[in-house]
Amino acid sequence: GEPTPYGWPSRSSYFGIIDLAGFPKDVYYLYQSEWTDKPVLHIYPHWNWKDGQLVDVIAYSNCHEVELFLNDSSLGTKKKGEDELHLMWRLPFKPGTMRAVGRSNGQKVLETVMNTAGEPAKLTLKSDRINIKADGADLAFITVEVRDKDGNLVPDAGNLVNFNIDGQA
């Protein structure tokens, strides 16, 4: 897209539904929920805040209704109106498990879960492919995530990560 708010020689902007690394932004799921038939249920933001802080939890979904749970207690079921693009719950933060259940025609279609993360404990690396050609031109993208001891993504981690590669790479 256009490099707004920057001029030449910038090559990117804050706009768009996918970031420079190719990761979908939250709004990516809004488009999917409105213009695809595949089931969509995406909630955000992360679930790491200060105790009692008011948080707007947003759900993008094309299910008929979405029920939100915090620590297995229902926070209510909502349905989008004709002109609404998302569902929203405003609630005080309490650590634990946030779960959304999307239903259509009374049947569960999708479920998504977020857990409050603990302190950073490990890194996970994921490659976008298993094999690459040893031709000096092929490549693989490696995604590095900071996780807590239970494997939860730590969304507010600020750890500096350095890499060293030995051998041909």
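Bear in mind that the values here come from a model prediction, so they are computed numbers and not experimental data.
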Legend entry - Side-chain heavy atoms of Lys38 within contact of Gln32, under 4.5 Å: yes
Inset, instruction - Could you check Glu65 against Lys78 for salt bridge (charged side-chain N to carboxylate O under 4.0 Å, His left out), going step by step and ending with a plain yes or no? - result: CA-CA 6 Å; Glu65 63 184 30; Lys78 296 195 177 195; over 6 Å; no
Inset, instruction - Inspect the contact between Glu34 and Lys80 and indicate whether a charged nitrogen and a carboxylate oxygen are less than 4.0 angstrom apart. - result: yes
Inset, instruction - Determine whether Asn115 and Asp150 make a side-chain contact, defined as any pair of heavy atoms from C-beta on separated by less than 4.5 Å. - result: no
Legend entry - Leu153-Leu41 co-clustered via ILVMFWY side chain contacts under 4.5 Å: no
Inset, instruction - Decide yes or no for Leu54 and Arg90: does some side-chain heavy atom of the first lie under 4.5 Å from some side-chain heavy atom of the second? - result: yes
Legend entry - His64 side chain to Arg103 backbone, donor-acceptor under 3.5 Å: no
Inset, instruction - Run the numbers on Leu70 and Lys94 for side-chain contact (heavy atoms from CB on, under 4.5 Å), then give the verdict. - result: CA-CA 8 Å; Leu70 178 57; Lys94 199 171 16 170; 4.0 Å; yes
Legend entry - Euclidean distance, Glu67 CD relative to Lys79 NZ, rounded to 0.5 Å: 12.0 Å
Legend entry - Reported CG-to-CG distance for the pair Asn162 and Asn159, which is rounded to 0.5 angstrom: 11.5 Å
Inset, instruction - Establish whether Phe69 and Val113 are linked, either directly or via other cluster members, by ILVMFWY side-chain heavy-atom contacts under 4.5 Å. - result: no
Inset, instruction - Apply side-chain contact (heavy atoms from CB on, under 4.5 Å) to the pair Val57 and Trp47, showing each step before the final yes or no. - result: CA-CA 9 Å; Val57 176; Trp47 200 238; 3.8 Å; yes
Legend entry - Side-chain H-bond candidate by donor/acceptor type, His46 with Asp156, under 3.5 Å: no
Legend entry - Approximate separation, where rounding is to 0.5 Å, of Asn62 CG and Thr36 OG1: 7.0 Å
Legend entry - Identified side-chain contact (heavy atoms from CB on, under 4.5 Å) counterpart of Met98 within the set Asn71, Leu68, Val55, Thr116: Leu68
Legend entry - Nearest heavy-atom neighbours spanning Pro95 and Asp51: CD-OD1, 3.5 Å
Legend entry - ILVMFWY cluster, Val109 and Tyr29 together (side-chain gap under 4.5 Å): no
Inset, instruction - Would you indicate whether Asp135, at its atom CG, is surrounded by more than 12 heavy atoms from other residues, nucleotides or ligands within a distance under 6.0 Å? - result: yes
Legend entry - ILVMFWY cluster, Trp35 and Val27 together (side-chain gap under 4.5 Å): yes
Inset, instruction - Heavy atoms only: give me the nearest Cys63-Ser104 pair and the separation to one decimal. - result: CA-OG, 3.5 Å
Legend entry - Side-chain ion pair, Asp72 and Arg99, N-O less than 4.0 Å: yes
Inset, instruction - Look at the side chain of Asp128 and the backbone N and O of Phe141, then say whether any donor-acceptor pair between them is shorter than 3.5 Å. - result: yes
Legend entry - Exceeds 12 heavy-atom contacts within 6.0 angstrom, atom CD of Gln107: no
Legend entry - Pro120 and Asp148, any side-chain heavy atoms less than 4.5 Å apart: no
Legend entry - Within-4.5 Å side-chain heavy-atom neighbours: Val66 and Val101: no
Inset, instruction - Kindly say whether the aromatic ring centers of Tyr44 and Tyr60 come within a distance under 6.0 Å. - result: yes
Legend entry - Closest non-hydrogen atom pair between Pro45 and Trp49, with its separation: CG-CZ2, 3.6 Å
Inset, instruction - Would you please test His42 and Ser61 for side-chain contact (heavy atoms from CB on, under 4.5 Å) and show each step? - result: CA-CA 6 Å; His42 176 76; Ser61 182; over 6 Å; no
Legend entry - Minimum heavy-atom distance between Asp138 and Lys133, given as atom pair plus value: OD2-N, 2.8 Å
Legend entry - side-chain contact (heavy atoms from CB on, under 4.5 Å) evaluation trace for Val144 with Thr124: CA-CA 6 Å; Val144 179; Thr124 59; over 6 Å; no
Legend entry - Min side-chain heavy-atom separation Tyr28-Ile18 under 4.5 Å: yes
Legend entry - Same apolar cluster: Trp89 and Ile58, side chain cutoff 4.5 Å: no
Legend entry - Validation row: Thr143, Leu125 side chains within 4.5 angstrom (heavy atoms): no
Inset, instruction - Calculate, to the nearest 0.5 Å, the distance between atoms CD1 and CZ belonging to Ile17 and Phe23 respectively. - result: 15.5 Å
Legend entry - Close side-chain approach of Glu84 to His86, heavy-atom, < 4.5 Å: no
